[in-house]
Amino acid sequence: MWSLRGAQGPVAVLSRLLMTILAAQTVRATITVDVNDVNSIKSAAATIASDMMTYYSGNQSGQIPGKIPGTWWEGGAMFMTLIQYWHWTGDDTYNDVTTQGMLWQAGEHDDYMPSNWSNYLGNDDQVFWGLAAMTAAELKFPDAPNQPSWLALAQGVFNTQQARWDTTNCNGGLRWQIWPYQAGYTTKNAISNGGFFQLAARLARYTNNQTYADWAKKTWEWSATTPLLNTSLWYIADTTSIAAQCHDHGDFQWTYNYGAYLMGAVYMYNMTKDSKWKDGIDGLLKSSFQTFFPNDTNIMCEVSCETIKTCDRNQVCFKAFLSTWLAFTTVLAPYTTGEIKPKLQASMKGAAQQCSGGSDGQHCGLQWYSSTWDGVNGLEVQMSALGIFSANLVFFDTSNSSNPVTADTGGTSKSDPSAGLSEPAVNVPPGVQTPITTGDRAGAGILTVIFVTGWLGMMSWMLRGG
Ligand SMILES: *[C@@H]1O[C@H](CO)[C@@H](O)[C@H](O)[C@H]1NC(C)=O
Ligand SMILES: *[C@@H]1O[C@H](CO)[C@@H](O)[C@H](O)[C@H]1NC(C)=O
Ligand SMILES: *[C@@H]1O[C@H](CO)[C@@H](O)[C@H](O)[C@H]1NC(C)=O
Ligand SMILES: *[C@@H]1O[C@H](CO)[C@@H](O)[C@H](O)[C@H]1NC(C)=O
Ligand SMILES: *[C@@H]1O[C@H](CO)[C@@H](O)[C@H](O)[C@H]1NC(C)=O
Ligand SMILES: *[C@@H]1O[C@H](CO)[C@@H](O)[C@H](O)[C@H]1NC(C)=O
Ligand SMILES: *[C@@H]1O[C@H](CO)[C@@H](O)[C@H](O)[C@H]1NC(C)=O
């Protein structure tokens with residue numbers, strides 16, 4: 001996913017202007033929630049989900065199911081959040097829309113590489129759909145008849161990504177972008193590798209197939225040879241470059257990077273009880289708490305951009321993932337509950353006071369630590385809020401129903417280890433030359449196109465969001 005990484009460009013400036021105008025129209029209503037009252041949380045989550053879906057039109061006639069204008073990866077992220085919402089609330093209002101979008105975008109090879117969009121995807125974009133499919137399998141979201149199973153779709157993503165493992169640079173790892181003509185092709189980043197690690201770990205636990213566990217371990221260990229996963233500081237750098245043999249580091253700190261590696265370590269620990277994984281959990285929890293719950297408030301903050309209001313649309317939804325992955329951490333590594341619970345509760349209380357914007361006075365903002373709506377609105381910020389409200393429902397589960405299932409404990413999604421294998425590994429699309437010597441120039445050209453269309457897309461998204 002392309003993001004401006006906190007840049008102070010014209011988009012950020014215009015965004016702030018728009019937000020100020022929108023903030024002036026605030027109607028006070030706020031969402032009220034009591035951390036001890038499950039019904040108040042469910043009802044708040046329902047309001048937030050409903051507001052989130054007002055920004056989604058993929059199921060309307062003439063629209064493309066699962067595709068959100070100006071972004072592809074966020075569709076997978078949104079459906080993942082909706083599956084978790086259904087799981088914890090029992091509200092199936094969005095199940096049909098979810099099934100439709102998740103299957104529509106699965107692509108010709110059952111691996112979330114649909115030909116409409118596959119020429120411009122990063123490994124991180126694709127893996128979010130894979131994680132959504134994995135979530136569906138583990139939470140027993142109903143498989144559709146005569147369609148690839150959720151588990152098979154997750155396996156399809158795994159298979160295509162595993163084939164892209166790049167040993168010719170930095171002795172391993174996934175690149176950020178998939179295609180040589182994309183500028184991010186020469187970068188290896190935390191969310192692509194952390195996402196693949198997590199997917200492999202979850203497939204290992206679900207299927208009990210050692211191949212997935214081996215890949216999870218290998219990805220973790222390779223990451224730890226680079227600044228993407230510093231296991232002495234438990235510090236996760238966002239990016240590292242092939243040009244510097246993966247010794248350099250882009251240091252923006254993002255909640256989802258920590259969440260991606262944390263959740264994978266939790267699955268590996270649950271499966272193996274190996275202290276190596278427990279060290280990973282403890283280390284990443286400690287650094288996540290220090291970094292993303294600043295000032296002793298216990299309230300989650302996207303620190304690289306939130307307080308200075310420079311988050312782009314990608315970054316605005318990241319808190320959804322750390323929220324729900326922390327919730328599943330308490331399920332699969334129950335010893336962590338004591339330290340995680342106060343953080344999830346305080347963050348939800350914070351989010352509730354921040355959800356006082358928009359025309360109904362219940363649209364959410366991003367700054368959960370502030371009681372004044374910050375003027376951020378849209379699908380992404382609703383997604384983050386939905387994540388933190390859903391996550392808190394984990395504490396009301398008394399019957400193990402929050403446990404992600406496996407093939408041996410009630411999972412019914414059918415395995416297809418060959419899903420996605422018909423996808424050529426790094427197939428340069430027809431008519432496109434692979435730039436070898438002119439790579440940077442070609443990459444920069446594409447980047448400009450993406451930036452300009454992305455900018456236009458973002459502006460129209462923001463205007464419609466108002
Ligand atoms: C699209 O999904 C929404 C739920 O998000 C539902 O209310 C609406 O009726 C659906 N529209 C169509 C055309 O199916
Ligand atoms: C691909 O694009 C066509 C034409 O816009 C559209 O009808 C179709 O639904 C799209 N498919 C996907 C998977 O996005
Ligand atoms: C981790 O951080 C320490 C302290 O800054 C540094 O010495 C070490 O080289 C780092 N490890 C990796 C793999 O980058
Ligand atoms: C935490 O405190 C510092 C110093 O007062 C401040 O700059 C920062 O914005 C605060 N962060 C949050 C999330 O409140
Ligand atoms: C693994 O997860 C289950 C819940 O599915 C939990 O009961 C069990 O204690 C976990 N194992 C470990 C080692 O924490
Ligand atoms: C929950 O799962 C654990 C093992 O994961 C089992 O020992 C326990 O009996 C289950 N509890 C209930 C209420 O089903
Ligand atoms: C285990 O996974 C690997 C990798 O996808 C696959 O080649 C193998 O067939 C799987 N084994 C079983 C028994 O499903």
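We're numbering straight along the sequence, starting at 1. A quick note: this is a predicted structure, and the numbers were derived from the prediction, not measured. Ligands are counted one by one from 1 in listed order, and the atoms in each one are counted from 1 as well. All values below come from the heavy atoms of this structure, side chains included, with hydrogens, waters and symmetry mates left out.
Judged by a 6.0 Å distance limit and a 45° cone about the ring axis, Lys217 is not positioned over the six-membered ring of Trp220.
Among residue pairs with one or both ends in residues 54-64, none qualify as salt bridge (charged side-chain N to carboxylate O under 4.0 Å, His left out); sequence neighbours excluded.
The closest donor-acceptor contact from the side chain of Tyr206 to the backbone of Ser413 lies under 3.5 Å.
Taking every non-hydrogen atom of Asn403 and a distance limit under 4.0 Å, the qualifying atoms of ligand 5 come out as 4 (C), 5 (O). Below 4.0 Å from some heavy atom of Pro334 lie the following atoms of ligand 5, by number and element: 9 (O), 14 (O). With ligand atoms numbered from 1 in the order given, ligand 5 contributes 1 (C), 2 (O), 5 (O), 10 (C), 11 (N), 12 (C), 14 (O) to contacts under 4.0 Å with heavy atoms of Leu332. Counting atoms of ligand 3 from 1 in the listed order, those under 4.0 Å from a heavy atom of Leu233 are 2 (O), 4 (C), 5 (O). Counting the atoms of ligand 5 from 1 in the order shown, those under 4.0 Å from a heavy atom of Arg205 are 5 (O). The Ala224 neighbourhood of ligand 3 comprises atoms 13 (C), with distances under 4.0 Å to a heavy atom of that residue. The distance from ligand 5 to the heavy atoms of Tyr269 drops below 4.0 Å at these ligand atoms: 13 (C), 14 (O).
Polar contact check, Asn230 against ligand 3: a nitrogen or oxygen pair lies under 3.5 Å apart. Inclusion of Asn270 in the set of residues having an N or O under 3.5 Å from an N or O of ligand 5 is warranted.
Classification of Glu302 and Lys319 as a salt-bridged pair fails, no side-chain N sitting under 4.0 Å from a carboxylate O. A salt bridge does not link Asp282 with Lys286: every distance from a Lys NZ or Arg NE/NH1/NH2 to an Asp or Glu carboxylate oxygen is 4.0 Å or more. The pair Asp166-Lys188 meets the salt-bridge criterion, since a charged nitrogen lies less than 4.0 angstrom from a carboxylate oxygen.
The residues lining ligand 1, counting any heavy atom closer than 4.0 Å, are Met53, Asn59, Tyr94, Val97.
A donor-acceptor contact closer than 3.5 angstrom links the side chains of Ser415 and Gln155.
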Exercise answer: donor-acceptor pairs, residues 58-76 side-chain atoms, under 3.5 Å, sequence neighbours excluded:
unit_1: Lys67; atom_1: NZ; unit_2: Thr71; atom_2: O; d: 3.1
unit_1: Trp72; atom_1: NE1; unit_2: Gln105; atom_2: OE1; d: 2.9
unit_1: Trp73; atom_1: NE1; unit_2: Asn314; atom_2: OD1; d: 2.7

Decide side chain to side chain contact (heavy atoms under 4.5 Å, CB included) for Met78 and Tyr56; before the verdict, give the C-alpha distance in whole Å, the side-chain angles of both, and the deciding distance to 0.1 Å.
-> CA-CA 10 Å; Met78 178 184 81; Tyr56 177 75; 3.5 Å; yes
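When the ring-ring contact (aromatic ring centres under 6.0 Å, His included) test is applied to Phe389, no partner is found at least two apart in sequence or on another chain.
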